[in-house]
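Inspection log for the structure reproduced underneath, given as structure tokens.
From a predicted model like this one, the values you see are computed outputs, not experimental measurements.
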Amino acid sequence: MELLRNISQQPTNSNRMYEPNQPGSCELRRKRTEDHGHAPAEMSKIITDPATGKCYCRGKVLGKGGFAKCYEMTDLSTSKVYAAKIIPHTRVSKPHQREKIDREIELHRVLHHKHIVHFYHHFEDKDNIYILLEYCSRRSLAHILKARKVLTEPEVRYYLRQIVSGLKYLHEQEILHRDLKLGNFFVSESMELKVGDFGLAAKLEPAGNRRKTICGTPNYLSPEVLNKQGHGCESDVWALGCVMYTMLLGRPPFETTNLKETYRCIREARYALPSSLSPQAKQLISSLLAKTPEDRPHLDHILRHDFFSQGFVPERLPASCCHSAPEFHVSSPAKSFFKKAAAALFGGKRDKVKYYETLSDVRPCYLTPPSFSSPQDGRPPSPSAGRPVAPATEGLPPTTRDTIRLIVRGSLGSCSSSSECLEDSTTGSVAETITSVLRGCLENMPKADDIPNGTECSNLQWVTKWVDYSNKYGFGYQLSDHIVGVLFNNGTHMSLLADKKTVHYYAELGQCSVFSTSDVPEHFVGQVTVLKYFAHYMEENLMDGGDLVSQPDTHMPRLYLLQWLKSDRALMMLFNDGTFQVNFYHDHTKIILCTQREEYMLTYINEERVSSTFRLSSLLTSGCPADLRQRMEYSLNMLLQRCN
Ligand code: ADP
């Protein structure tokens with residue numbers, strides 16, 4: 001079909017003449033083209049590789065580059081369509097120009113990767129050099145962005161994941177691309193991304209040996225390239241930051257009215273991060289656009305960043321994304337998980353249930369380690385090095401003076417979808433007690449520079465994993481003793497014990513029914529299915545959020561969730577026995593307040609997931625450093641605002 005389309009674009013020739021595999025057809029065609037009076041300088045529609053005798057039919061123009069014009073080109077013997085870069089010899093008559101093309105060919109022809117434009121073949125005739133490349137019918141991300149203006153975060157994750165995969169392969173081959181930009185990310189018919197255009201690519205040289213200048217102008221110059229310190233892998237990572245920024249905001253990060261000012265901004269890594277971006281996107285951009293190359297993340301660590309692990313990454317994109325914003329479905333495994341759960345809940349209606357995901361629908365946490373290691377090697381993160389560089393707006397949690405933007409909540413015995421918090425008296429009194437304990441501590445605790453010595457904490461129970469699927473079912477969590485709980489949207493709670501066989505059900509506080517998973521009362525079948533799927537999902541997909549383990553309890557859940565609440569920075573959870581936990585998203589730190597032997601204990605889990613426990617009474621006398629205090633203040637603020 002493709003062939004016929006190309007041919008029909010040639011008004012002077014009949015289709016019959018272009019049947020593939022017809023002996024001698026190339027000669028005949030070439031002759032005909034010339035007979036039809038094209039000026040000699042005009043390129044023939046039929047092109048023959050002199051070395052192999054293979055004939056190609058030149059189709060429409062795909063675009064124009066520095067030296068080359070790119071055409072659709074069909075192999076007449078197979079009907080396979082290529083993107084052909086055609087470079088007239090006259091354009092590369094100077095030795096350095098020819099060398100540039102030869103270098104591009106040498107570098108590109110040996111590359112084989114799903115996310116690199118495939119190099120098929122090259123040849124030349126007396127007029128031109130021809131480079132046959134994988135045809136990317138949906139052109140490039142530059143074209144898509146032009147039509148779309150900005151892309152959604154899931155799309156950006158989708159494309160970035162593929163770019164990083166292609167770039168990782170390139171770097172493994174010790175090749176630097178040196179001109180990563182939207183126009184060099186080509187998109188195939190099936191919406192797969194392919195990194196292309198190796199016109200400025202070069203072999204990676206040891207740091208001291210790097211050429212200090214690039215002939216040609218890369219689009220996204222990094223500070224070190226501007227400062228003539230040479231281009232390394234980190235400079236490609238910088239360009240990725242510019243690409244990500246441009247996709248999300250529709251304009252490049254360093255764009256001013258004059259070049260001098262643009263260069264100054266690049267050198268200082270000075271750019272605006274609008275509040276429309278999610279905190280995770282801001283964090284990732286600011287780490288990619290770190291001024292010092294060594295501070296930028298390694299490619300592997302980019303994909304483990306919260307921007308990817310805490311947001312939806314589509315497996316595929318529909319072609320409609322080239323011109324309009326997509327609606328997303330929950331991807332697998334979340335999709336199959338919730339589909340099965342919904343089937344159990346809604347029975348025959350299941351086909352009508354839609355699984356559209358807004359970004360907050362499924363929020364798996366702690367999928368991956370939170371921080372970057374040193375960008376040059378693959379070593380695990382060290383306590384002090386390689387923390388993602390947070391932009392100014394995303395530092396420590398705000399203090400009690402700041403307003404907290406509450407996003408969503410759920411409470412036992414109430415309906416979480418209601419904006420009103422139907423306060424259960426016991427939930428209220430548990431919260432009040434913790435509020436006064438925390439407030440008392442904060443008001444009287446002196447300042448200290450160091451974290452005080454911790455104490456033993458036996459069998460602390462805390463939430464190691466959680467999933468918020470409250471826009472459909474509820475909030476699920478796993479405790480450190482492996483009990484899994486779900487606080488459903490209808491205000492009921494179920495716990496699945498560590499034996500995975502016993503379910504405890506609370507319709508209200510203190511009123512518990514117990515049954516076995518092999519003998520579930522009929523009206524609980526749906527909820528138990530959801531509970532089991534939550535358990536399975538967290539087991540399979542999420543990592544523990546800290547180092548503290550506790551003994552499995554096979555008899556009775558000591559803890560069950562009374563209330564949870566999410567702000568844009570933290571998740572707060574309040575339990576029946578007075579345990580109170582706050583998880584901070586941006587650095588994965590956690591605070592857990594509980595009572596043990598009639599004493600309040602505060603556990604702090606730091607960025608490295610290492611925990612320390614303190615008697616609150618010791619903190620009161622010894623004090624604590626500012627970062628812990630700020631987290632305690634923020635937690636108190638969440639408690640105070642939980643019913644607002
Ligand atoms: P430059 O090297 O100046 O960036 P190229 O010669 O690589 O330009 O490409 C010129 C244009 O041809 C591109 O902008 C794009 O529109 C089109 N093009 C290049 N390669 C392909 C391809 N593999 N598939 C489809 N279109 C392509």
List the atom of [X], the atom of [Y], and the distance in Å for their closest heavy-atom pair.
X	Y	value
G196	V117	CA-CG2, 3.6 Å
P326	C321	CB-SG, 3.5 Å
F308	R161	CE2-N, 4.2 Å

Measuring from [X]:[atom1] to [Y]:[atom2], what's the distance to the nearest 0.5 Å?
X	Y	atom1	atom2	answer
Y71	Y135	OH	OH	14.5 Å
L240	C242	CG	SG	9.0 Å
Q173	H112	CD	NE2	9.5 Å
L151	L145	CG	CG	5.0 Å
R109	H121	CZ	NE2	10.0 Å
H231	W238	NE2	CH2	12.0 Å

From CA spacing to verdict: salt bridge (Lys or Arg N to Asp or Glu O under 4.0 Å), E261, R264: CA-CA 5 Å; E261 180 57 18; R264 184 174 310 137; 2.9 Å; yes
Parallel, tilted or perpendicular, as decided by the 30° and 60° cut-offs, for the rings of H115 and H113: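 Rings of H113 and H115: tilted, 30 to 60°.
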[X]/[Y] aromatic ring centres below 6.0 Å:
X	Y	answer
Y271	F254	yes
F198	H177	yes
Y82	Y120	yes
H171	Y169	no

Is any side-chain heavy atom of [X] less than 4.5 Å from a side-chain heavy atom of [Y]?
X	Y	result
C322	M191	yes
L303	L160	no
P279	K282	no
I285	L277	yes
L221	T262	no
T589	R631	yes
L182	S140	no
K100	V92	no

Row check, [Y] ring normal vs [X] NZ/CZ: under 6.0 Å, within 45°:
X	Y	result
R139	F186	no
R157	F312	no
K181	F185	no

Can you confirm whether the side chains of [X] and [Y] place a donor and an acceptor under 3.5 Å from each other?
X	Y	value
S567	Y634	yes
S235	E224	yes
Q162	Y158	yes
S278	E153	yes
T292	E294	no
D306	H588	yes

Partner residues of E174 under the side-chain contact (heavy atoms from CB on, under 4.5 Å) criterion, sequence neighbours left out: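 side-chain contact (heavy atoms from CB on, under 4.5 Å) check on E174 returns K203, L204.
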Under the side-chain contact (heavy atoms from CB on, under 4.5 Å) test, residues paired with S276 that sit two or more places apart: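 So S276 forms a side-chain contact (heavy atoms from CB on, under 4.5 Å) with L249, P274.
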How would you list, by chain and number, every residue that makes a side-chain hydrogen bond (donor to acceptor under 3.5 Å, both in side chains) with [X], sequence neighbours excluded?
X	value
S320	none
E189	S137, R138
S165	none

Those residues that, when tested against K69, pass salt bridge (charged side-chain N to carboxylate O under 4.0 Å, His left out) (two or more places apart):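 For K69 there are no salt bridge (charged side-chain N to carboxylate O under 4.0 Å, His left out) partners, ignoring immediate neighbours.
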Candidate pair D197 and E104, rule side chain to side chain contact (heavy atoms under 4.5 Å, CB included), full reasoning: CA-CA 8 Å; D197 192 353; E104 179 176 345; 4.1 Å; yes
